[in-house]
Protein chains: 2
Amino acid sequence: MRRSELERRAAAAASGSAVTLEMVAREAGVSPSTVSRILNGTARVRDSKVRAVEAAIAKLQFLPNPVARSLAGGKSMSVGVVTQAIDSPFYGVSLAGIEKGLLRAGYSPLFVSGHWREGDERSCVDHLLSRRVEGIILMTSRLPDEELVNLARSVPLVVTGRRVDGDRVYCVDVDSTLGARVATDYLIGQGHRRIAFISGPPDHPDALQRLDGYRAALAAGRIPFRSKLVAAGDYLEAGGQAAINALLDARVEFTAVFAANDQTAYGAMLALHRRGLKVPQDVSVVGFDDLPTSAFIVPPLTTVHRYTDEIGEGAAEAIVDLIERRTPHARVSAPTLAIRESTRPWRD
Amino acid sequence: MRRSELERRAAAAASGSAVTLEMVAREAGVSPSTVSRILNGTARVRDSKVRAVEAAIAKLQFLPNPVARSLAGGKSMSVGVVTQAIDSPFYGVSLAGIEKGLLRAGYSPLFVSGHWREGDERSCVDHLLSRRVEGIILMTSRLPDEELVNLARSVPLVVTGRRVDGDRVYCVDVDSTLGARVATDYLIGQGHRRIAFISGPPDHPDALQRLDGYRAALAAGRIPFRSKLVAAGDYLEAGGQAAINALLDARVEFTAVFAANDQTAYGAMLALHRRGLKVPQDVSVVGFDDLPTSAFIVPPLTTVHRYTDEIGEGAAEAIVDLIERRTPHARVSAPTLAIRESTRPWRD
DNA sequence: CAGGGCTTTGAAAGCGCTTGCAGAAACTAG
DNA sequence: CTAGTTTCTGCAAGCGCTTTCAAAGCCCTG
């Protein structure tokens, strides 16, 4: 069934003769306007005609041309998605969620990557605008707040990974501060006092939030914050590795490491291993993100689980709400801690 | 500069007044056709007018509307990309390559996921066709050969991960058989004789190729193939884990494991660890794909490196060639072995 | 059964751009 | 300087669909 349709369509396209709305109209003995109205539900149409048109559509295997639709209706039924790295294990899951949520509502996603560069991101947005998208989802954008607010004047925006207040801007995000807090609390609860923190890139809003959460947990645990325990990472494995090496070279003592994301944690674990330190016997490690792989590395990583798919679906839902002038209410669950085997209690 | 343009555009869109080609024509004192011709280089135009139009374009910040362009010109400047799982770490890198290659040639990608399901894949293709893409890239498609050949009558195709012969079909792929051969050869060269193989899903062409390569290497090394050494995996971590457990439970003896992909290898390593076997001291492990993470797990994984970005860029290049009626010649480099620390020589 | 008020429907005018066609302009040659 | 070419360039007709506007049809009521 589906199969033959595909073939028919293929043949049609090959011969350059796609079925048009007009052909349907003729076949059904009504005017194009009527067909259009039935298709879009923009007006009541006599039942008998509805049936005739539906029959014609089925017979001709008509599929409306979205391009013509966009042009005529001024709406493209597509939304732009600016991600930073389509190949990052982290974004992948969100993107899948976005795709799912958008398709369900009849929109198609247009993915483009900003590569963490402000300039690239700007041209992505331009590109999307020129494609007449009806909304844009920005994953952890780097553009300044004010620019986003401004952009929102022309097209609704959903941003993830940071907070921006504006008229047609909606933020869907997990609470990174809370996640970091939970992770650090856990470590403290396990008896750790000297907890190193490997940060993310300092120009990343959520990296800062994670640091805040770490500090808040320390404060709550009456442990003084010591900047020597904080090492700079870059959200990548290499950064985590370098950070541990730096810490160890500086002879900083710690019994646990909280890495700002899982990739950082992987790098950290490798560095510890190379220096002869065992996880979790000598050092406990906690990550953030809970990448699919994290449950399978050796040892399985204790990490902050964030509901990444929810971010994606939530973002999709919110942008659709915004486009259709409803008030979005998408929320994502609070992060939780997935306790696995890279941590253990500490007793001095 | 860029900044202000974006703002201007935003404002324009907000007030519903995008700059049109006609406005440019008026500003430059020529007809719309002339502007169009200059834009597309479809005809010679007097120098003075070219300059006038260019000035007008710059002044008005005109950006042609791709939707109108598609409708009028019958070409959408977009190509569909059917991937199986946008969130798989493996596809990510290819997708990035595709995006890069396509954008460079002026096309935009439309990503959709088939989720490894034939039905989903079919609707993806339908969706893309309805969006009037000019070409489709299918990443490891599941559709039958004949259907693809047929589809190619309506739109040029590039398929990865398998071979299909047809008129407007081009395959870009790494040689999985060779990759598997290289990996297994290496293990044999290190003195291993009992090499287990964890396969991929049997309905996956490249999974079969990997098995072939494994067998070919054994044959070349005069080692009899033993089916007990082959365990079924699913290209995911869990499958690798289960496979090792099955092997161990069946008391199959082996000193090395060749996993059909890296994710499988991760799962295998975890299972070995849980059973108290050390990698590489007790068992050597080799993977396939060389995911970015593989260099950072403990121990860093020896694995077949495939130039995934080349697959993406090659696919993009090929589809553009096909669309523009040139003969594609994109090739991807042969896989190589990234030797790291999950393997060691074996002496009985 | 005429008149009023709704509902249903078609004609036609676009949406912004491309392109075939034919007239205008610019050259060349005689 | 004119006829014959070769270049330019504008007009107008779409691409396939949406949407306004007004005419047509329908159902009541008095």
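Each chain gets a letter, A, B and so on, in the order the sequences are listed, and its residues count up from 1. Keep in mind that the numbers below use all heavy atoms, side chains included, and drop hydrogens, waters and symmetry copies.
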| Between S31(A) and T34(A), a side-chain donor and acceptor under 3.5 Å | yes
| task | Record whether the side chain of R37(B) comes under 3.5 Å of the base of dG10(D) through a donor-acceptor pair of N or O atoms. | result | yes
| task | To the nearest Å, give me how far apart CG (D47(A)) and P (dG25(D)) are. | result | 20 Å
| What nucleic acid atoms does T34(A) come within less than 4.0 Å of, heavy atoms only: base, sugar-phosphate, or nothing? | sugar-phosphate
| request: Calculate the interatomic distance between R26(B) atom CZ and dC17(C) atom C1'; express it in whole Å. | output: 15 Å
| How long is the line joining CG of L60(B) and P of dG16(C), in whole Å? | 14 Å
| field | For L148(B), the option from V169(B), V125(B), V164(B), I136(B) that meets side-chain contact (heavy atoms from CB on, under 4.5 Å) | value | V164(B)
| field | Along DNA chain C (nearest heavy atom to each residue), the more 5'-positioned of S36(B) and G73(A) | value | G73(A)
| For E22(B) and P32(B), which heavy atoms make the closest approach, and how far apart are they? | CG-CG, 4.3 Å
| Which whole-number value in Å describes the distance from F62(A) CZ to dG16(D) P? | 10 Å
| query | Can you check the R69(A) CZ to dC17(D) P distance for me, whole Å? | reply | 8 Å
| Are OP1 or OP2 of dG10(D) and a side-chain N or O of S31(B) less than 4.0 angstrom apart? | yes
| request: Taking the side chain as every heavy atom from C-beta outward, state whether M77(B) and R69(B) have any pair of such atoms under 4.5 Å apart. | output: no
| message | Can you identify which nucleotide, out of dG16(D), dC17(D), dT8(C), has its nearest atom closest to the L71(B) side chain? | response | dG16(D)
| task | Using a 4.0 Å heavy-atom cut-off across all strands, classify S33(A) as base, sugar-phosphate, or nothing. | result | base
| said: From CG of L21(B) over to P of dG14(D), roughly how many Å is that when rounded to an integer? | reply: 20 Å
| request: State, without any angle test, whether R131(A) and S108(B) hold a side-chain donor-acceptor pair at a distance under 3.5 Å. | output: yes
| query | Atom CE of M77(B) and atom P of dC17(C): how far apart are they, to the nearest Å? | reply | 15 Å
| field | Separation of atom CD in E22(B) from atom P in dA13(D), rounded to whole Å | value | 16 Å
| query | Is the phosphate of dT18(C), meaning OP1 or OP2, less than 4.0 Å from a side-chain N or O of N40(B)? | reply | yes
| query | Has K49(A) got a side-chain N or O lying under 4.0 Å from the OP1 or OP2 atom of dG10(C)? | reply | yes
| R46(B) side chain N/O closer than 4.0 Å to the phosphate oxygens (OP1, OP2) of dT9(D)? | yes
| said: With nearest nucleotide decided by heavy atoms, which residue, L39(A) or A72(B), maps closer to the 5′ end of DNA chain D? | reply: A72(B)
